[in-house]
Amino acid sequence: MTREKDLYEAPAVEAKWQKFWEETGLFHASEDSPKPKYYLLEMFPYPSGDLHVGHMKNYFIGDVLGRYKMMRGFEVLHPIGWDSFGLPAENAAIQRGLSPAQWTADNIATSRATLHRAGVGYDWRREIAAYLPNYYKWTQWLFLKLYENGLAYRASGPANYCPGCQTVLANEQVVDGICYRCDTPVERRHLPQWYFKITSYADRLLADHALLAEHWPRHVITLQRNWIGRSEGMTVRFPLVGEEGRHFDVFTTRADTLYGVTFMALAPEHPALAELVAGLPQQEEVETFCRAAINQREIDRASAATEKHGVFTGRYVRNPVNDEEIPLWVADYVLATYGEGAVMGVPGHDQRDFLFARKYGIAVAPVIRPAEGELPRAEEMTEADAEYGVMENSGPYSGLTSEEGMARLAEAGPREGWGRATVNYHLHDWLISRQRYWGAPIPVVHCPQCGEVAVPYEDLPVLLPPEDQVDFTPAERSPLASCPEYLKTTCPGCGGPAERDADTMDTYVDSAWYFLRYCDPTNDEAPWERTRADFWMPVDQYIGGDEHAVSHLLYARFFQKFLADQGLLRDPEPFPALFNQGMVKARVEKANGSATMEVMSKSKGNAVPAGPFIAEHGADVARLYITFAGPPSKDMEWTEEGVDAAARWLQRVWRLVAGNIDAVREAVSFEELTEPERELYRATHRTLKRVTDDLERLHFNTCLAFLMDFVNRLYLWEAAEAPAFGYALYHLIKMLAPFAPHMAEELWHRAGRDDSVFRAAWEEADAGALAAAQVTVVVQINGKVRGRVAVPAGASEEEVFAAAAEEANVARHLEGRKVVKKILVPDKIINLVCK
RNA sequence: GCCGAAGUGGCGGAAUUGGUAGACGCGCUAGAUUCAGGAUCUAGUGAAGGAUUAACUUCGUGCGGGUUCGAGUCCCGCCUUCGGCACCA
């Protein structure tokens, strides 16, 4: 009959403490604090409005950690803001006639309310939004900084164009030839675009992975390393036969095979081609081929991966090392965007060249033999041999190993004027211009007199024009180009009439520096004050999904390095510690009755909306379930049973602690405890140690397992009026706090405290208490467990053995056998090796 | 093809450095309490054998070898799944 009264009413309690935290400024971070700082950050979220529980996972991970660090005595900076430029707002405008700004503001309000209601502890005073002029003013400011330093430039080149989004994309936004956002196959177009010169930082981005090795997931570093794709080699110059002074360069990592070159192949897009074949009998064939190849490869590059096509141009080039004349081909397997857009064909030692040569009857000339073997015979080869070996038929280099040969050739190249050592990267400069409205305008003016002129710093921000002046409907050029009020301006240089650049920036530019703005979010004079950035940066723990491994994380690292070079920041890396959380999956029922577990999303119909869920079950239940279901780094599955279990356990904790709230006590005298109580005291500290250790490792699921275990044990004491029980409850409340903050706060106050539990210190486990007087040692015979014995802690081999021999089962197994060796792991195990 | 991660009960998952495999939870079984429960409590729950309160024994962490007193953990060789890159010269 009192049961109803005992039930924990989450909604009312949670609202009460959320208000309390807000009013007491619990999560306000200050640079004036004497405490050590801890900057905790989850990746800049896009305000999609209707957050589902899957979205909440990384906020909860952050919040558990933040509250814990707070209790550990850190001044925690845990900010939030909105990555709020981008296509969805604009599409809402096009499709439903909504205002992008209003639509965005509404979504932010909804998302913000959900996070509030989830009880995630943020310093809301520092909230920022990328679409507001007081933010994008500084995005533009950073653009100008890069421009000033030659790291932002406009160039015409092959760009990835998405017909769906009607804008160009960065390489990082094209996945398998498909737009990352709308799944439309991407086309290649030649357009003048703005780039950030991230390639200037390629080597440093690579080298500084060493600084991240310890606290970044290894696969993220690997992904970045592969994406940067540094490769060392030589650029070799092949003169064009019959036209003195003209030549073609190729990049090769295998200069040791130079004597085996039997043809050269250009990419179909190679700019010199048209002129090269003009007037030749091959002209038409080459042009037809190139047109087909360029179109075809964009439609379906993957399936054409093995079959190679090409045509002979009718021209020849001369191999500079042996003066041989070799035919010049066009081939569809040569990439225009890598190296020089041309390759030297070495069929003997490159599989692609081999396939190509065999198909078109080009000679194969092996020049490398295995260290322990013969030079392969061209006519017998069925595939290329790409291994290093010993050079043959290579003039003065014959007999050298591949490594030696390459070193000598790298020296000879410049001396003899035909080549030089070079480095190539898979990474390209970051294409940042977008032909869309909802982004930060590029602060550049095009003047017929002065050309390209940067907008002066004092004229920032370049504001987006009002929405009613703009036609959002994509028309292959930026919507801003349709707005004369925006476009027409005066040149900052000469004062004459000029036009603004009509493009806006990639939203990844916004997120490449937002973590810096949190350090000083309201600064009107500068993007941030150096002293404030130096106080908070770098981010001590960054949390987010690994879908940003090569985009956002690479861009942000690039910005950080550039800004440090400018003296605006101190540290070489923004995020020394990165944590990748796994995703939340849920059942998707298929039409045929089967079901699969898929990543939760609204479009799949398996999303559980966060707001309604929290209203029904409470935020603590959501947090607890998500943190207990598995390691935060792995994907988890959302199930009804799991929700019930979390809710049930919280009620169990509530009954235990609230029902014995008067027993809660902060201290006990170990000396005065009975032995069973001492055992409980030890269990308390053992739990504290385990929970602490696993919080530090971000293994929250095991923290909760230990707490469950502890609660199970405490139930055995419930009726007893033992001091050690009240003491255990006291610690339970504190240990519960990071995981179920609302309930813990309520219990803490019911236990008579006025201040927040999060201002209470998280204690170190009592090391003395952890060392029990009696320990159980496992007895193994030949590696098999045969018994357990209780001995005093620190017992010697002889003592343990003596006790073991007494144990019935052990004695039985020892009968008639001789113990030849004893291995003791103190206080844990003894293994008796018997014959 | 290359790179990365992972394979442990019916299920989610534990097991820092090699040292009691299966913690904790779900589910299931039995019982208690209850007008009733999808609430709560207690006990059991890897498989097989042995057993009517057994003790205990054998097998067992994807597969096959190896190192070791001892292997989920280390080494060698495979298989499978997931993720990323994919003609990068």
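None of the values given here were measured: they were computed from a predicted structure. Just so we're on the same page: letters track the sequence lines, and every chain starts at 1.
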Any base atoms under 4.0 Å from [X], or only sugar-phosphate, or nothing? Heavy atoms, all strands.
{"X": "A:Pro631", "answer": "sugar-phosphate"}
{"X": "A:Asp635", "answer": "sugar-phosphate"}
{"X": "A:Val825", "answer": "base"}
{"X": "A:Asn712", "answer": "sugar-phosphate"}
{"X": "A:Arg786", "answer": "sugar-phosphate"}
{"X": "A:Gln780", "answer": "base"}
{"X": "A:Asp709", "answer": "sugar-phosphate"}

Can you tell me, in whole Å, how much space there is between the [atom1] of [N] and that of [M]?
{"N": "B:U20", "M": "B:A15", "atom1": "P", "answer": "13 Å"}
{"N": "B:U45", "M": "B:C56", "atom1": "P", "answer": "14 Å"}
{"N": "B:C11", "M": "B:C63", "atom1": "C1'", "answer": "24 Å"}
{"N": "B:G13", "M": "B:A6", "atom1": "C1'", "answer": "14 Å"}
{"N": "B:G72", "M": "B:G60", "atom1": "P", "answer": "10 Å"}
{"N": "B:C26", "M": "B:G84", "atom1": "C1'", "answer": "33 Å"}
{"N": "B:G22", "M": "B:G10", "atom1": "C1'", "answer": "14 Å"}
{"N": "B:G65", "M": "B:G12", "atom1": "P", "answer": "28 Å"}

[X] side chain, from C-beta outward: closest of [options]:
{"X": "A:Ser231", "options": "B:C26, B:A89, B:A23", "answer": "B:A89"}
{"X": "A:Lys821", "options": "B:C69, B:A89, B:U20", "answer": "B:C69"}
{"X": "A:Thr252", "options": "B:A89, B:G25, B:U16", "answer": "B:A89"}
{"X": "A:Arg812", "options": "B:C26, B:A23, B:U57", "answer": "B:U57"}
{"X": "A:Asn831", "options": "B:G25, B:G19, B:A15", "answer": "B:G19"}
{"X": "A:His219", "options": "B:A15, B:G4, B:G27", "answer": "B:G4"}
{"X": "A:Phe251", "options": "B:A89, B:G4, B:C69", "answer": "B:A89"}

Point to revise | Side-chain touch A:Val691/A:Phe710, heavy atoms, less than 4.5 angstrom | key: no
Between [X] and [N], is there a side-chain N or O to OP1/OP2 distance below 4.0 Å?
{"X": "A:Arg652", "N": "B:C24", "value": "no"}
{"X": "A:Asn701", "N": "B:A14", "value": "yes"}
{"X": "A:Arg218", "N": "B:A5", "value": "yes"}
{"X": "A:Lys784", "N": "B:C59", "value": "yes"}
{"X": "A:His813", "N": "B:U57", "value": "yes"}
{"X": "A:Arg648", "N": "B:G38", "value": "no"}
{"X": "A:Asn809", "N": "B:U57", "value": "yes"}
{"X": "A:Asn580", "N": "B:A5", "value": "no"}
{"X": "A:Thr639", "N": "B:C11", "value": "no"}
{"X": "A:Arg655", "N": "B:A39", "value": "no"}

d([atom1], [X]; [atom2], [N]) in whole Å:
{"X": "A:Glu637", "N": "B:C11", "atom1": "CD", "atom2": "C1'", "answer": "9 Å"}
{"X": "A:Arg788", "N": "B:U20", "atom1": "CZ", "atom2": "P", "answer": "10 Å"}
{"X": "A:Lys828", "N": "B:G70", "atom1": "NZ", "atom2": "C1'", "answer": "14 Å"}
{"X": "A:His426", "N": "B:A89", "atom1": "NE2", "atom2": "P", "answer": "10 Å"}
{"X": "A:Lys822", "N": "B:C69", "atom1": "NZ", "atom2": "P", "answer": "17 Å"}
{"X": "A:Leu714", "N": "B:C24", "atom1": "CG", "atom2": "P", "answer": "14 Å"}
{"X": "A:Leu223", "N": "B:A5", "atom1": "CG", "atom2": "P", "answer": "11 Å"}
{"X": "A:Ile829", "N": "B:G19", "atom1": "CD1", "atom2": "P", "answer": "9 Å"}

What donor-acceptor contacts under 3.5 angstrom involve side-chain atoms of residues 217-229 of chain A, with partners at least two apart or in another chain?
| residue | atom | partner | partner atom | Å |
| --- | --- | --- | --- | --- |
| A:His219 | NE2 | A:Asp546 | OD2 | 3.1 |
| A:Thr222 | OG1 | A:Arg218 | O | 3.0 |
| A:Gln224 | OE1 | A:His209 | NE2 | 2.8 |
| A:Gln224 | OE1 | A:Arg557 | NH1 | 2.7 |
| A:Gln224 | NE2 | A:Ala549 | O | 2.8 |
| A:Trp227 | NE1 | A:Glu172 | OE2 | 2.8 |

With both distances under 3.5 Å as the test, what is the Watson-Crick or G-U wobble partner of [N]?
{"N": "B:U61", "value": "none"}
{"N": "B:A14", "value": "none"}
{"N": "B:C28", "value": "B:G44"}
{"N": "B:G38", "value": "none"}
{"N": "B:G83", "value": "B:C3"}
{"N": "B:U33", "value": "none"}
{"N": "B:G49", "value": "B:C56"}
{"N": "B:C69", "value": "B:G19"}

Review point. Near A:Lys604 NZ, under 6.0 Å, is it more than 12 heavy atoms from other residues, nucleotides or ligands?
Key: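 Correct, the count exceeds 12.
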Check your understanding: Should we count CE of A:Met597 as having more than 12 external heavy atoms under 6.0 Å?
Key -> yes
**Study point:** A:Thr257 side chain vs A:Gly260 backbone, donor-acceptor pair below 3.5 Å
**Key:**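 The answer is no, because no donor-acceptor pair under 3.5 Å joins these two groups.
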Exercise for review: Could you tell me how the ring of A:Phe739 sits relative to the ring of A:Phe700: parallel (under 30°), tilted (30 to 60°) or perpendicular (over 60°)?
Suggested key: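 Ring orientation, 0 to 90° scale: perpendicular.
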Review point. A:Trp654 vs A:Tyr8 aromatic rings, parallel, tilted or perpendicular, using cut-offs 30° and 60°?
Key: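 Tilted.
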Review point. Centres of the A:Tyr625 and A:His617 rings: under 6.0 Å?
Key: no
Practice item. Indicate, with yes or no, if the rings of A:Trp329 and A:Phe356 have centres closer together than 6.0 Å. Key: yes
Check your understanding: Got a donor-acceptor pair under 3.5 Å from the side chain of A:Arg697 to the base of B:U16?
Key -> yes
Check your understanding: Within 45° of the six-membered ring axis of A:Tyr715 and under 6.0 Å from that ring's centre, is NZ or CZ of A:Arg652 located there?
Key ->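 Checked: cation-pi criterion met.
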**Study point:** N-glycosidic conformation, B:G38 - syn within 90 degrees of 0, else anti
**Key:**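 In terms of base orientation relative to the sugar, B:G38 is anti.
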